[in-house]
There are 2 protein chains.
Amino acid sequence: MPDVAADRRVRRTRAAIQRALLTLMAEKGYEAVTATDIIERADIGRSTFYTHFSDKQHVLYDSLDDLGDFLRDQRPGHDGVLGFGLALFEHVDEQRDLVRVLLGRRGGHVVQDRVAHLLAELVREDLAPLAAAAPDVPLDLVVTGVVGTYLALLRTWADSGTTWTPAEMDDAARRLLAPGLAALLAPVTA
Amino acid sequence: MPDVAADRRVRRTRAAIQRALLTLMAEKGYEAVTATDIIERADIGRSTFYTHFSDKQHVLYDSLDDLGDFLRDQRPGHDGVLGFGLALFEHVDEQRDLVRVLLGRRGGHVVQDRVAHLLAELVREDLAPLAAAAPDVPLDLVVTGVVGTYLALLRTWADSGTTWTPAEMDDAARRLLAPGLAALLAPVTA
DNA sequence: CCCTTTCCCGAACAATCTGTTCAGGAACGG
DNA sequence: CCGTTCCTGAACAGATTGTTCGGGAAAGGG
């Protein structure tokens with residue numbers, strides 16, 4: 001397990017591997033990509049690959065962690081509930097080539113799970129302030145449902161041609177979820 | 001490609017194969033099951049397997065089609081929007097051992113996609129009558145979002161211990177989605 | 001009950017992929 | 001400049017996939 005930070009060769013190698021995987025995923029989808037593919041595309045020795053990553057999956061994990069950090073930094077505080085939505089769709093729209101490959105049907109379930117976790121944290125933070133006086137339905141279930149909605153919308157968006165704008169996607173999500181959330185999380189206030 | 005209907009041997013073989021896959025999925029999850037595993041578990045010849053199914057995936061497809069037919073038959077007309085929900089959760093609860101394996105995290109994305117299609121049809125039929133006067137947001141997006149919610153709830157339900165009852169699950173889904181749907185699909189009526 | 005059709009068997013095989021090992025050469029950083 | 005660390009690449013054992021083929025066995029119609 002080479003030292004990541006210090007050596008330039010290490011950085012170079014790891015970057016090449018991750019770049020190779022993402023490129024190949026865009027061409028064949030996650031499942032179809034093989035470790036040998038990555039090795040050839042990255043143009044490195046076979047043993048080199050396995051000293052850095054135990055698995056094809058772990059290459060993906062590292063990439064997703066990077067993506068998660070990026071998403072987390074860019075998050076702005078929008079208005080009201082589900083304020084993160086528009087920013088999310090806009091970001092996905094910008095990072096089209098990458099994120100769409102990850103989220104689309106060709107991305108593989110590993111990605112889905114990872115992204116679902118990421119989103120769940122965002123949603124939970126978003127809903128927590130309002131959830132104080134709402135023991136009616138478990139917050140966990142609400143978060144799960146909301147994340148499911150967003151993820152489903154993101155996936156179809158990623159897979160289909162870009163007919164809809166980020167704003168339209170966010171609008172659809174809001175209109176579908178906001179009323180129910182309002183009723184659930186502030187039953188007395190209204 | 002053997003004749004399915006006529007010959008008893010064919011029925012026997014196919015049944016054994018499908019049973020083997022589902023059993024193995026319950027033990028290892030879909031991804032981890034190999035064609036060789038199925039062959040050994042079903043106790044059939046290797047060539048026999050490949051004359052019936054080209055793939056591990058296609059074994060699953062057939063099983064899911066059967067499940068889909070079953071679900072479709074059992075569907076009752078409940079009250080109002082999302083009336084299928086309770087029946088869905090109840091069915092999943094009954095067929096626990098099978099459906100939970102299919103829908104859970106160990107099920108594999110192939111299952112998810114297939115089930116998503118199944119649910120999409122149900123939801124679309126459910127929403128169609130109300131969608132006449134609602135050009136505001138594309139029905140496709142609404143259906144996608146709703147299916148995403150239900151699927152997400154089903155998945156966490158399947159993966160976690162059975163703390164919640166089918167009624168509670170359905171209640172959560174309804175409360176989250178129904179208000180938004182009402183506003184979306186009948187903007188004038190209300 | 002018989003006989004033709006149809007299916008099953010299972011070993012053998014080529015092809016692909018995985019993950020590991022190791023000795024020698026190359027690049028790195030201090 | 002020099003010791004440390006990394007990369008190489010071939011070679012390998014093991015697993016998996018999907019195909020082929022010559023019997024042998026079961027099925028079901030007549």
Side-chain angles (χ1 to χ4, degrees), chain A residues 1-64 106-111, chain B residues 1-64 106-111:
Chain A
M1 47 202 91
D3 191 344
V4 184
D7 205 310
R8 182 191 307 149
R9 291 169 294 182
V10 177
R11 289 192 300 267
R12 233 201 283 247
T13 302
R14 296 182 74 94
I17 291 176
Q18 299 197 345
R19 202 183 320 128
L21 173 57
L22 293 176
T23 308
L24 286 164
M25 280 182 63
E27 301 171 4
K28 306 204 270 177
Y30 175 75
E31 310 280 3
V33 176
T34 155
T36 304
D37 286 340
I38 301 175
I39 290 167
E40 288 175 352
R41 178 66 60 95
D43 193 28
I44 59 173
R46 181 168 202 75
S47 58
T48 305
F49 174 86
Y50 281 105
T51 52
H52 285 282
F53 300 94
S54 60
D55 230 40
K56 178 178 91 179
Q57 269 196 28
H58 285 81
V59 183
L60 185 63
Y61 282 160
D62 276 24
S63 299
L64 284 180
R106 303 158 63 79
H109 67 120
V110 186
V111 192
Chain B
M1 49 204 90
D3 190 344
V4 183
D7 204 311
R8 183 191 309 148
R9 292 170 293 183
V10 177
R11 289 193 299 267
R12 234 201 283 248
T13 301
R14 296 182 76 93
I17 291 176
Q18 299 197 347
R19 202 182 322 129
L21 173 58
L22 293 177
T23 308
L24 286 165
M25 279 182 64
E27 299 171 6
K28 306 204 271 177
Y30 175 74
E31 311 279 2
V33 176
T34 154
T36 303
D37 287 339
I38 301 176
I39 289 166
E40 287 175 354
R41 178 66 60 94
D43 193 29
I44 59 173
R46 181 169 201 77
S47 58
T48 305
F49 175 85
Y50 281 105
T51 52
H52 285 283
F53 301 94
S54 60
D55 229 40
K56 177 178 91 178
Q57 270 198 26
H58 285 81
V59 182
L60 185 64
Y61 282 160
D62 276 25
S63 300
L64 285 180
R106 303 159 62 80
H109 66 119
V110 185
V111 192

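Letters A, B, ... are given to chains in the order of the sequence lines, protein chains preceding strands, and every chain is numbered from 1.
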Which pair of non-hydrogen atoms, one from Val10(A) and one from Pro2(A), has the smallest distance, and what is that distance? CG2-CB, 3.8 Å
Of all heavy-atom pairs between Thr13(A) and Thr48(A), which one has the smallest distance, and what is that distance? CG2-CG2, 3.6 Å
Report, one pair per line, the protein and nucleotides 14-16 of chain D atoms (nitrogen or oxygen only) whose separation is under 3.5 Å.
{"from": "dT16(D)", "atom 1": "O3'", "to": "Thr34(B)", "atom 2": "OG1", "distance (Å)": "3.3"}

Nucleotide dT18(C), atom C1' - distance to CD of Glu31(A) in whole Å: 16 Å
Restricting to side-chain hydrogen bond (donor to acceptor under 3.5 Å, both in side chains), what partner residues turn up for Asp62(B), sequence neighbours left out? Arg14(B)
What is the separation between atom CZ on Arg8(B) and atom C1' on dG28(D), rounded to the nearest whole Å? 9 Å
For Ser47(B) and for Arg12(B), find the nucleotide of DNA chain D with the closest heavy atom, then tell me which residue's nucleotide is more 5'. Ser47(B)
For Phe49(A) and dC17(C), what is the distance between atoms CZ and P respectively, to the nearest whole Å? 13 Å
Testing Ile44(B), Leu22(B), Ile39(B) one by one against Ile17(B) for a side-chain contact (heavy atoms from CB on, under 4.5 Å), which residue passes? Ile44(B)
I'd like a list of close polar pairs between nucleotides 4-7 of chain D and the protein, N/O only, cut-off under 3.5 Å.
{"from": "dT5(D)", "atom 1": "O2", "to": "Arg9(A)", "atom 2": "NH1", "distance (Å)": "3.1"}
{"from": "dT5(D)", "atom 1": "O2", "to": "Arg9(A)", "atom 2": "NH2", "distance (Å)": "2.9"}
{"from": "dC6(D)", "atom 1": "OP1", "to": "Asp3(A)", "atom 2": "N", "distance (Å)": "2.6"}
{"from": "dC6(D)", "atom 1": "O4'", "to": "Arg9(A)", "atom 2": "NH2", "distance (Å)": "3.4"}
{"from": "dC7(D)", "atom 1": "OP1", "to": "Arg9(A)", "atom 2": "O", "distance (Å)": "3.3"}
{"from": "dC7(D)", "atom 1": "OP1", "to": "Thr13(A)", "atom 2": "OG1", "distance (Å)": "2.5"}
{"from": "dC7(D)", "atom 1": "OP1", "to": "His52(A)", "atom 2": "NE2", "distance (Å)": "3.4"}
{"from": "dC7(D)", "atom 1": "OP2", "to": "His52(A)", "atom 2": "NE2", "distance (Å)": "2.9"}

Whole angstrom is fine here: how far is it from CD1 in Ile39(A) over to C1' in dT18(C)? 9 Å
Shortest non-hydrogen pair, Glu31(A) vs Lys56(A), comes out as O-NZ, 3.4 Å
Answer yes or no: does a side-chain N or O of Tyr50(A) lie under 4.0 Å from OP1 or OP2 of dT20(C)? no
Any idea which heavy atoms bring Leu21(A) and Leu60(A) closest together, and the distance? CD2-N, 3.7 Å
Residue set satisfying side-chain hydrogen bond (donor to acceptor under 3.5 Å, both in side chains) with Arg9(A), at least two apart, ordered chain then number -> Asp7(A)
Qualifying ring pair (Phe, Tyr, Trp, His ring centres under 6.0 Å) pairs, either residue in residues 7-59 of chain B, two or more places apart: His58(B)-Tyr61(B)
Rounded to whole Å, CG of Asp43(B) lies from P of dC8(C) at a distance of 13 Å
So Glu27(B) and Val33(B), do their side chains get closer than 4.5 Å, heavy atoms only? no
Of the non-hydrogen atoms in Ala20(B) and Arg41(B), which two are nearest, and what is the gap between them? CB-CG, 3.7 Å
State, to 0.1 Å, how close Met25(A) and Gly107(A) come at their nearest heavy-atom pair, and which atoms those are. CE-O, 4.0 Å
Atom-to-atom span, CD of Glu40(A) to P of dT16(C) - whole angstrom: 11 Å
According to a 3.5 Å limit on both distances, what stems of 3 or more consecutive Watson-Crick or G-U pairs are formed with DNA chain D? C:1-30 with D:1-30
From CD of Gln57(A) over to P of dC17(C), roughly how many Å is that when rounded to an integer? 18 Å
